[in-house]
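Remarks on the structure that follows.
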Amino acid sequence: MANGKKRAHIPASTHAALDACFAPRQMGPIVSIAFSDGSVKLFIAASSLNAVSWDPHSEFQLDRDAKACTSVSWREFDPALPPLLAIGSAGGGGCGEVWMFREQLLRWEQVQQLKSSSPDMDDDGSNNNQGGISAVAWAPRLGRPYDLIAVASGHRVTLWSLTGAVDALEVKRVAVLDHDHDVWQLGWNMLGNWLAASTDGGEVCMWRPDLAGEWLQKNLIISRK
């Protein structure tokens, strides 16, 4: 923004912040920040009308094998469910994770991993997941009978469905979307039926399922050089 100015500074960590994501508005002014040491820290604004001062809300640490937390994405608000976060990590064969906030205990707990039983392999037999997760995105549900999370690693985006009770989630791999270049960002539309994936090749690939549920690339946006 040409006329923008810094409203607040959050002295959260001496480690690099790799991603940040605001919580659903129904939860109030809360922001989650992912750090390069594998930690996720949440802060809440002292005032929603003038968010200058931010206080610690909660935090958690990923598994010791995770060298960094690379991406965070909130599940949309549901009064019947506790707060839920999708997390991406790098190092140690980084994977996607789902974390739940237990308000009675005031702590976060991992409830599921979004990880194949066998690693995804490239055509030459190499593991496409060695660099870890570059982005995660939790889709809006809007009537769908299951939740859907997109996880980007290398040139692939894996779609995972989640069903069942929140503390006993059943996870299923729905689709693997291949790209010509590494994917760095993901975004859903408001209905959760279009997925945009931006790559380091200067492209934005638009994906949507057909009537049979197969995910297909419908559009390709190429940046001007």
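Treat the numbers as computed from the prediction; the structure is a model and nothing was measured.
Shown here for Trp188 and Asn193, the closest heavy-atom pair between the two residues is CE3-N, 4.5 Å. Closest of all the heavy-atom pairs between His155 and Asp182 is N-OD1, 3.4 Å. The two atoms that bring Gln217 and Trp207 nearest to each other are N-CE3, 3.3 Å, heavy atoms only. When all heavy atoms are compared, the tightest approach of Pro83 to Glu103 is CD-OE2, 3.7 Å. Scanning all heavy atoms of the two residues, the minimum distance from Cys69 to Leu18 falls at O-CD1, 3.4 Å. Minimum interatomic distance between Ala137 and Leu186 (heavy atoms only, all atoms of both residues): CB-CB, 3.9 Å.
Trp160 and Trp74 fall into different hydrophobic clusters, where Ile, Leu, Val, Met, Phe, Trp and Tyr residues are linked whenever their side-chain heavy atoms come under 4.5 Å apart, directly or through other members. A single hydrophobic cluster is seen to contain both Leu85 and Phe101, as judged by linkage of ILVMFWY side chains at heavy-atom distances under 4.5 Å, directly or through other members. Note on Leu169: it clusters hydrophobically with Val151, by side-chain heavy-atom contacts below 4.5 Å among ILVMFWY residues. In the hydrophobic clustering of ILVMFWY residues, with side-chain heavy atoms under 4.5 Å counting as a link, Leu114 and Ile133 come out together. No continuous path of ILVMFWY side-chain contacts below 4.5 Å connects Leu177 to Trp138, so the two sit in separate hydrophobic clusters.
No donor-acceptor distance shorter than 3.5 angstrom exists from the side chain of Ser53 to the backbone of Ala46, with no hydrogens or angles considered. A donor-acceptor pair is defined here as one N or O able to donate and one able to accept, closer than 3.5 Å; such a pair exists between the side chain of Asp19 and the backbone of Val72. No donor-acceptor pair under 3.5 Å is formed between the side chain of Gln26 and the backbone N or O of Asp78. One N or O on the side chain of Ser134 and one on the backbone of Val183 form a donor-acceptor pair closer than 3.5 Å. Proximity of a side-chain donor or acceptor of Thr70 to a complementary backbone N or O of Gly88 within less than 3.5 Å is detected. Looking at Arg144, its side chain does come within 3.5 Å of a backbone N or O of Gly192 through a donor-acceptor pair. Using a distance-only test at 3.5 Å, with no hydrogens or angles considered, no donor-acceptor pair links the side chain of Ser71 to the main chain of Ile87. The backbone N or O of Cys21 lies less than 3.5 Å from a partner atom in the side chain of Ser32, making a donor-acceptor pair. Remark: side-chain polar atoms of Ser89 are not paired, donor with acceptor, to backbone N or O of Ala68 under 3.5 angstrom.
Using a 4.5 Å cut-off on side-chain heavy atoms (C-beta onward), Arg173 and Ser161 make no contact. The side-chain heavy atoms of Pro140 and Met190, taken from C-beta on, include no pair separated by under 4.5 Å. The side-chain heavy atoms of Leu159 and Leu148, taken from C-beta on, include a pair separated by under 4.5 Å. At a threshold of 4.5 Å between non-hydrogen side-chain atoms, the residues Ile30 and Phe43 do not count as touching. Side chains of Glu97 and Leu62 form a contact here, defined as non-hydrogen atoms less than 4.5 Å apart. Looking only at side-chain heavy atoms (C-beta outward), Gln110 and Val98 stay at 4.5 Å or farther from each other. Between Leu220 and Met206 the shortest side-chain heavy-atom distance does not fall below 4.5 Å. Looking at heavy atoms from C-beta onward, Glu203 lies out of side-chain contact with Ile221 at the 4.5 angstrom threshold.
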Can you list the steps and then say if Leu42 with Trp54 is a side-chain contact (heavy atoms from CB on, under 4.5 Å)? CA-CA 10 Å; Leu42 290 83; Trp54 292 78; over 6 Å; no

Under the side-chain contact (heavy atoms from CB on, under 4.5 Å) rule, what do Val157 and His179 come out as? Steps first, then yes or no, please. CA-CA 8 Å; Val157 175; His179 298 75; 3.6 Å; yes

Practice prompt. Given side-chain contact (heavy atoms from CB on, under 4.5 Å), test Ile149 with Leu162 step by step and report yes or no.
Written response: CA-CA 8 Å; Ile149 299 177; Leu162 284 74; 3.9 Å; yes

**Report entry** side-chain contact (heavy atoms from CB on, under 4.5 Å) between Trp215 and Val174, worked out
**Finding:** CA-CA 9 Å; Trp215 283 81; Val174 175; 4.2 Å; yes

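Of the inter-residue distances, the one linking Met27 atom CE with Arg25 atom CZ reads 13.0 Å to the nearest 0.5 angstrom. How far CD of Gln112 is from CH2 of Trp99: 12.5 Å, rounded to the nearest 0.5 Å. Within the model, atoms CG of Asp37 and CD of Gln61 stand 5.5 Å from one another, a figure rounded to the nearest 0.5 Å. Here the NE2 atom belonging to His181 is positioned 8.5 Å from the SG atom belonging to Cys205, to the nearest 0.5 angstrom.
With respect to the salt-bridge test (charged N to carboxylate O, under 4.0 angstrom), the residues Arg107 and Glu109 qualify. Salt-bridge annotation for Glu76 and Arg141: absent, with no side-chain N of the basic residue lying under 4.0 Å from a carboxylate O of the acidic one.
If you check the side chains of Thr199 and Trp184, you find no donor sitting under 3.5 Å from an acceptor.
Between Phe60 and Trp108, the ring center distance clears the sub-6.0 Å criterion.
Counting non-hydrogen atoms of neighbouring residues, nucleotides and ligands closer than 6.0 angstrom, the CD atom of Gln185 reaches no more than 12 such neighbours. The environment of Phe22 atom CZ is sparse: at most 12 non-hydrogen atoms of other residues, nucleotides or ligands sit within 6.0 angstrom.
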